[in-house]
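Proteins get letters first, then strands, A, B, ... in listed order; numbering begins at 1 in each. Nothing here was measured: the structure is a model prediction, and the numbers come from that model.
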Protein chains: 2
Amino acid sequence: MTTSSTISIQEVSLKHLRVACSSCSLKELCLPLGLSGEEMTQLDSLISQRMRIKKGEHLYSAGDPMASLYAVRLGFFKMSVVSEDGREQVTGFQMAGELLGMDAISNDTHTCSAIALEDSEVCEIPFAELEQLSRSIPSLQHNFYKVLSREIVRDHGVMMLLGNMKAEERLAAFLINLSQRFALRGYSSKNFILRMTREEIGSYLGLKLETISRSFSKFQDQGFIRVSNKEVEILDLEALKALLAGCPEK
Amino acid sequence: MTTSSTISIQEVSLKHLRVACSSCSLKELCLPLGLSGEEMTQLDSLISQRMRIKKGEHLYSAGDPMASLYAVRLGFFKMSVVSEDGREQVTGFQMAGELLGMDAISNDTHTCSAIALEDSEVCEIPFAELEQLSRSIPSLQHNFYKVLSREIVRDHGVMMLLGNMKAEERLAAFLINLSQRFALRGYSSKNFILRMTREEIGSYLGLKLETISRSFSKFQDQGFIRVSNKEVEILDLEALKALLAGCPEK
DNA sequence: CGGTTCGTTGAAACCAATCAATCCTCGTGG
DNA sequence: CCACGAGGATTGATTGGTTTCAACGAACCG
């Protein structure tokens with residue numbers, strides 16, 4: 001079930017305030033990277049609309065047919081898959097400039113659900129048209145291959161995390177990753193708001209929410225961070241990184 | 001360090017016994033899926049050579065520059081990444097018809113090492129040429145997007161496994177997956193040889209080798225499988241599947 | 001045929017899950 | 001505006017599954 005009916009009003013009102021890729025602050029992080037002015041205009045014409053997704057709403061759900069990919073303009077999403085027996089696994093958190101829905105290309109069907117963790121905005125990118133346009137714009141095709149490949153590399157990083165690391169190492173890796181991504185987008189790398197619950201962090205990291213809570217408390221006791229509910233302040237980034245590097249003498 | 005010096009002799013001897021995609025038994029599983037005769041000939045001309053990789057040799061290593069992707073013709077590979085502090089994570093096992101090196105597109109550099117677990121044979125696919133050809137053959141481009149996307153979906157499955165499942169569930173999932181992939185290639189789905197060690201299975205599944213060994217023994221005691229070293233016989237596939245489906249009443 | 005790698009099994013230690021109680025926060029409606 | 005309820009977070013006690021440590025046996029390779 002998509003939420004298309006819920007958002008149709010905004011769709012209309014947004015049609016004429018479309019922001020073109022060429023003037024988008026995220027173009028360096030997103031698909032248009034490295035395109036010429038002319039090429040970017042062609043890409044612009046392909047982005048049919050911008051959509052607003054309210055906190056808690058599904059942009060799409062697992063099982064939905066896939067017609068478009070989405071680029072996050074603003075906000076924060078979680079992606080999750082559910083196994084046959086009902087277990088949920090959060091596969092990632094996506095923020096501005098990141099693409100959603102790439103898993104769906106394999107079967108023209110979404111395999112994940114994309115849920116907004118705050119009021120968000122995405123650009124809809126019709127996939128068939130992207131595919132066609134990428135044939136005439138080599139650097140667009142190349143960028144898109146890279147985006148797909150980068151997702152694979154990211155997934156391998158998560159496997160490393162889930163397969164080899166202890167609870168506190170996982171959480172440290174998670175915080176460092178978030179911090180870097182915020183920095184890349186011009187936000188503070190030291191102070192940020194967690195848009196997800198402890199349970200969602202736990203699902204992503206293969207841990208229970210109580211373990212996340214305890215690890216946060218421990219980091220705070222050690223003076224690595226300050227946490228107050230969803231606010232996080234990183235006080236000692238090096239200490240967190242040291243946790244990851246393994247004990248120096250091991 | 002690549003192993004190119006080791007295999008140069010075979011390369012030469014193989015040049016004239018190249019098997020074209022069009023006559024390859026794996027074409028239904030591999031990139032050429034759905035291409036016309038004419039298109040397949042073009043793809044053929046791109047596959048510069050076949051290479052033999054001996055058991056234990058690296059097809060490529062993490063950090064190597066990426067110029068080509070590889071399609072497994074024959075044999076069995078493991079892919080692994082190593083973290084800064086030296087921990088190894090096996091990210092997958094690849095068999096005939098599967099593509100290697102897709103993670104490397106993101107940076108033109110391999111992020112995994114590909115190691116042959118038995119004497120193997122791969123087709124080398126120069127990436128730049130594949131990219132160019134895929135612009136003129138829409139279904140090739142589409143296939144390649146799908147292959148990349150399928151890899152992402154597969155990785156999500158591994159995350160589910162690592163994040164949510166207990167040791168025996170993971171091993172059951174692993175055996176079922178292997179069984180299905182062998183069947184797809186015309187091999188027995190009930191009897192097969194594990195090409196990897198217990199330690200490598202453990203690394204893939206986020207477990208220690210002793211845990212793998214114990215789980216194998218337990219499955220055998222329960223009559224689900226018969227294991228003798230690397231030989232596996234699946235006696236009760238349904239029982240293994242039931243393990244995954246979660247407790248019936250949960 | 002000897003050595004090394006791989007696999008199995010047992011006992012103990014440990015880390016995270018589970019169970020449980022309490023508190024906090026936020027959104028909602030009276 | 002405050003009270004209420006529900007969901008989210010914290011913390012403690014206990015359990016349990018997996019790792020670790022250890023020893024031994026089997027298989028494989030040169």
Side-chain angles (χ1 to χ4, degrees), chain A residues 54-57 78 87-90 115 117-119 161-175 193-222 225-232 243 246-247 250, chain B residues 54-57 78 87-90 115-119 161-172 174-175 193-222 225-232 243 246-247 250:
Chain A
K54 286 231 191 66
K55 178 175 173 172
E57 285 181 351
K78 79 163 177 185
R87 288 182 271 203
E88 182 188 22
Q89 172 72 33
V90 172
I115 297 146
L117 296 181
E118 60 178 325
D119 291 0
L161 196 137
L162 293 173
N164 273 302
M165 294 186 183
K166 301 221 176 293
E168 288 171 28
E169 295 175 316
R170 295 184 201 188
L171 187 60
F174 175 71
L175 290 172
I193 309 285
L194 299 170
R195 302 329 307 205
M196 69 294 282
T197 66
R198 304 289 190 261
E199 187 170 18
E200 288 163 334
I201 299 174
S203 172
Y204 181 60
L205 298 178
L207 300 166
K208 293 297 164 192
L209 67 99
E210 294 94 330
T211 306
I212 302 297
S213 187
R214 279 185 238 276
S215 299
F216 269 138
S217 298
K218 182 148 180 223
F219 284 171
Q220 178 157 253
D221 291 348
Q222 292 172 308
I225 63 172
R226 204 184 48 72
V227 258
S228 170
N229 237 339
K230 307 231 165 183
E231 279 176 58
V232 172
L243 269 182
C247 321
K250 196 177 97 186
Chain B
K54 286 230 191 67
K55 177 174 174 173
E57 284 182 350
K78 79 165 176 183
R87 289 183 270 203
E88 182 188 20
Q89 172 73 35
V90 172
I115 296 148
L117 296 181
E118 61 179 323
D119 291 358
L161 196 135
L162 294 173
N164 274 302
M165 295 185 181
K166 298 216 180 300
E168 287 169 27
E169 295 175 315
R170 296 184 201 188
L171 188 60
F174 175 71
L175 289 172
I193 309 284
L194 299 171
R195 304 315 327 194
M196 68 294 282
T197 65
R198 304 289 190 262
E199 187 171 18
E200 287 162 335
I201 298 174
S203 172
Y204 181 59
L205 299 178
L207 300 166
K208 292 298 163 191
L209 66 100
E210 294 94 330
T211 306
I212 302 298
S213 186
R214 281 184 238 276
S215 300
F216 268 138
S217 298
K218 183 151 180 220
F219 284 171
Q220 178 156 255
D221 292 348
Q222 291 172 308
I225 63 171
R226 205 183 50 69
V227 256
S228 170
N229 237 339
K230 308 231 162 182
E231 280 176 58
V232 172
L243 269 182
C247 319
K250 198 177 97 182

Candidate pair Val232(A) and Leu194(A), rule side chain to side chain contact (heavy atoms under 4.5 Å, CB included), full reasoning
CA-CA 7 Å; Val232(A) 172; Leu194(A) 299 170; 3.5 Å; yes
Ile212(A) and Arg198(A) have their tightest heavy-atom pair at CG1-O, 3.7 Å
Closest of dT25(C), dT18(C), dA22(D) to the Glu210(B) side chain is dA22(D)
To the nearest angstrom, the CG-C1' distance between Leu162(B) and dG17(D) comes to 16 Å
- request: Kindly say if Lys208(A) contacts the phosphate of dT18(C), meaning a side-chain N or O under 4.0 Å from OP1 or OP2.
  value: yes
Ile212(B) atom CD1 is separated from dT20(D) atom C1', nearest whole Å, by 15 Å
Rounded to whole Å, CE of Met165(A) lies from C1' of dA16(C) at a distance of 17 Å
Testing dT18(D), dT20(D), dA16(C) for proximity to the side chain of Ala167(A), the answer is dA16(C)
CD of Glu168(A) to CG of Leu207(A), rounded to nearest 0.5 Å, is 10.5 Å
Atom NZ of Lys55(B) and atom P of dG30(D) are separated, to the nearest Å, by 10 Å
Q.
A side-chain contact here means heavy atoms from C-beta on lying under 4.5 Å apart; do Leu243(B) and Leu171(B) qualify?
A. no
- prompt: Do Arg198(A) and dG7(D) have a side chain to base donor-acceptor pair shorter than 3.5 Å?
  reply: no
dG7(C) base to Arg214(B) side chain: any donor-acceptor pair below 3.5 Å?
no
How is Gly206(A) classified with respect to the nucleic acid when contacts are heavy atoms under 4.0 Å: base, sugar-phosphate, or nothing? sugar-phosphate
Among the nucleotides dT11(D), dT18(D), dA17(C), whichever has the atom closest to the side chain of Lys166(B) is dT18(D)
Between CG of Leu117(A) and P of dC26(C) the distance, given in whole Å, is 16 Å
With the side chain defined as heavy atoms from C-beta on, Ser217(B) is closest, among dT9(C), dT25(C), dA17(C), to dT9(C)
From CG of Leu171(A) across to P of dC15(C) the rounded distance in Å is 17 Å
Does a side-chain heavy-atom distance below 4.5 Å link Glu231(A) with Arg226(A)?
yes
**Prompt:** Across the strands shown, which category fits Leu209(B) at heavy-atom distances under 4.0 angstrom: base, sugar-phosphate, nothing?
**Reply:** base
When rounded to whole Å, the CD1 to P distance for the pair Ile201(B) and dT8(C) reads 9 Å
For dT19(D), does OP1 or OP2 lie under 4.0 Å from any side-chain N or O of Thr211(B)? yes
**Study point:** Phosphate contact (dG7(C) OP1 or OP2) by Lys230(B) side-chain N/O below 4.0 Å
**Key:** yes
Exercise. Phosphate oxygens OP1/OP2 of dA9(D): is one of them under 4.0 Å from a side-chain N or O of Ser213(A)?
Worked result: no
Between CD of Glu168(B) and P of dT19(D) the distance, given in whole Å, is 12 Å
